[in-house]
Engineer: 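This is the structure, below, for whatever I ask next.
Predicted, not measured: the structure shown is a model, and the values here were computed from it.
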Amino acid sequence: MNKTLFYKNLGKRIKALREAAGLTQEKLAEESGISLDYMGKIEVCINKPGLVTILKLADALKIEPFELLKFDTLSEPAKQSN
């Protein structure tokens, strides 16, 4: 498994779930107990969250932690058209 691709996809998944929940980065960071700077850097794959942070994010998004990991780690995610 490519770790860089894993974290890139994780960041995209968190962003998609955050937006689907109608939350800003600031609100998700606040509800997760992490800094806004750290939150933003997770979404763009600069910071690589550990298990505790993943659990905090899932709790703030009101989802089970495994939902954050529902993405294909073997290839780049397909681009979605708007």
Engineer: How far does CD1 of I14 sit from CG of L69, to the nearest 0.5 angstrom?
Structural biologist: 8.5 Å
Engineer: Do E43 and K12 touch side chain to side chain, with heavy atoms closer than 4.5 Å?
Structural biologist: no
Engineer: Output a table of donor-acceptor pairs, distance under 3.5 Å, between side-chain atoms of residues 26-39 and any protein atom two or more places apart or on a different chain; print 'none' if there are none.
Structural biologist:
from : atom 1 : to  : atom 2 : distance (Å)
S32  : OG     : L28 : O      : 2.7
S35  : OG     : Y38 : N      : 3.0
D37  : OD2    : K41 : NZ     : 3.3

Engineer: Answer with yes or no whether the hydrophobic clustering places Y7 together with V44; edges join I, L, V, M, F, W, Y residues whose side-chain heavy atoms lie under 4.5 Å apart.
Structural biologist: no
Engineer: Which pairs of donor and acceptor atoms, one on a side chain in residues 45-68, lie under 3.5 Å apart (sequence neighbours left out)?
Structural biologist:
from : atom 1 : to  : atom 2 : distance (Å)
E67  : OE2    : K70 : NZ     : 3.3

